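Throughout, protein chains are lettered first and strands after them, A, B, ... in sequence-line order, and every chain is numbered starting at 1. Keep in mind it's a predicted model, so treat the numbers as computed, not measured.
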There are 2 protein chains.
Amino acid sequence: MEQFEKYEATCEEELAAIRDSLQILGGKWKLRIMRYLNNHVNETNTFKKIQRGVECISAKMLSKELQELEINLLVTRTVMNTRPVTVNYAMTEYGLSVFPVADSLVNWGLNHRQKIK
Amino acid sequence: MEQFEKYEATCEEELAAIRDSLQILGGKWKLRIMRYLNNHVNETNTFKKIQRGVECISAKMLSKELQELEINLLVTRTVMNTRPVTVNYAMTEYGLSVFPVADSLVNWGLNHRQKIK
DNA sequence: CGGTATCCATGTTGATACTG
DNA sequence: CAGTATCAACATGGATACCG
């Protein structure tokens, strides 16, 4: 029963970690954007190009999501010295670590669809 | 470049699966509730008891979340023949399958906190 | 091109009160 | 005890216009 309290505390730590994960994987766009970048890894991925590639995302959302991805060290933003300026986005090495986690979500989700159907 | 289109389609399927997963793992309460149930597996887990165990959840939210968990076959709801009625909630065998996925989120999240800090 | 600013529609969550 | 109903607050996302 003391153990009861203890568990709740540990649980909170884990839930905080999950919250961090979900802030990145759980949104509507971030994973889509990262998948796009990862799939066009040898190209220059400008803002407009990403916007065209990620269906229906507004400039506002794309801007916001890219900023958050950059803050989280998952994506790099590089301003190139052209006229007019072009900006290139790319996955970081670290950013690639989200994909295995995403895959485990995909697998569970696919199985779940079968189960529920 | 034809491959481009093809990828986008596959991507959509996977993203739908992820959405399913996140509907369950991504909410504010469902995982907390499931963890509570799983950690009190040999007890009778009534509505009120769960509400006390899962910090700060309102009756409305708990009611709604439990319904969704039941629909998704993750939790069972058993009305017991007492006066006044008591209702018992428990994880299903299938429901347990969410925990490994949750763990992979926890691990990534914990690592990410270190990385960002 | 690469965004930001503003306003608005919608969905999610909470507080409070109430019922069988 | 086990919820539901109602209203309010807040977060999310989109439409549109505009700037350097």
Using a 4.0 Å heavy-atom cut-off across all strands, classify [X] as base, sugar-phosphate, or nothing.
X       : value
A/Gln67 : sugar-phosphate
A/Thr46 : sugar-phosphate
A/Arg83 : nothing
B/Thr86 : sugar-phosphate
B/Lys60 : base

d([atom1], [X]; [atom2], [N]) in whole Å:
X       : N      : atom1 : atom2 : result
A/Met61 : C/dG2  : CE    : C1'   : 16 Å
B/Leu62 : D/dC1  : CG    : C1'   : 13 Å
B/Ile33 : D/dG3  : CD1   : C1'   : 14 Å
B/Trp29 : C/dG11 : CH2   : P     : 22 Å
B/Leu66 : D/dA2  : CG    : C1'   : 11 Å
B/Ile57 : D/dA2  : CD1   : P     : 15 Å
B/Ile50 : D/dG3  : CD1   : P     : 9 Å
A/Glu55 : D/dG14 : CD    : C1'   : 15 Å

Seminar exercise, completed: Ranking D/dC1, C/dG2, D/dG3 by distance to the side chain of B/Pro84, first place goes to D/dC1
Exercise. Using a distance-only test with no angle check, is there a side-chain donor-acceptor pair under 3.5 angstrom linking A/Ser104 and B/Ser104?
Worked result: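 On atom types as modelled, these side chains qualify, holding a pair under 3.5 Å.
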For this session: With DNA chain D as reference, determine whether A/Gln23 or A/Ala59 sits nearer its 5' end, using the nearest nucleotide of each.
Result: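 Nearest nucleotide further toward 5': that of A/Gln23.
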Does a nitrogen or oxygen in the side chain of [X] sit under 4.0 Å from OP1 or OP2 of [N]?
X       : N      : answer
A/Arg77 : C/dG3  : yes
A/Gln51 : C/dG3  : no
B/Lys64 : D/dG3  : no
A/Tyr89 : C/dG3  : yes
B/Lys28 : C/dG14 : yes

Exercise. Taking the six-membered ring for Trp, is the centroid-to-centroid distance between A/Tyr89 and A/His40 below 6.0 Å?
Worked result: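 Distance test on ring centres: not under 6.0 Å, no.
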Problem set entry | Any donor-acceptor N/O pair, A/Asn39 side chain to A/Arg35 backbone, under 3.5 Å |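 Side chain of A/Asn39 to backbone of A/Arg35: no pair is present.
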Exercise. Taking atom CD1 of B/Ile33 and atom CE of B/Met61, what is their separation to the nearest 0.5 Å?
Worked result: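 Going from the CD1 atom of B/Ile33 to the CE atom of B/Met61 covers 10.0 Å.
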Exercise. Rounded to the nearest 0.5 Å, what separation is found between the NZ atom of A/Lys30 and the CG atom of A/Leu22?
Worked result: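 Going from NZ on A/Lys30 over to CG on A/Leu22, the span is 11.0 Å.
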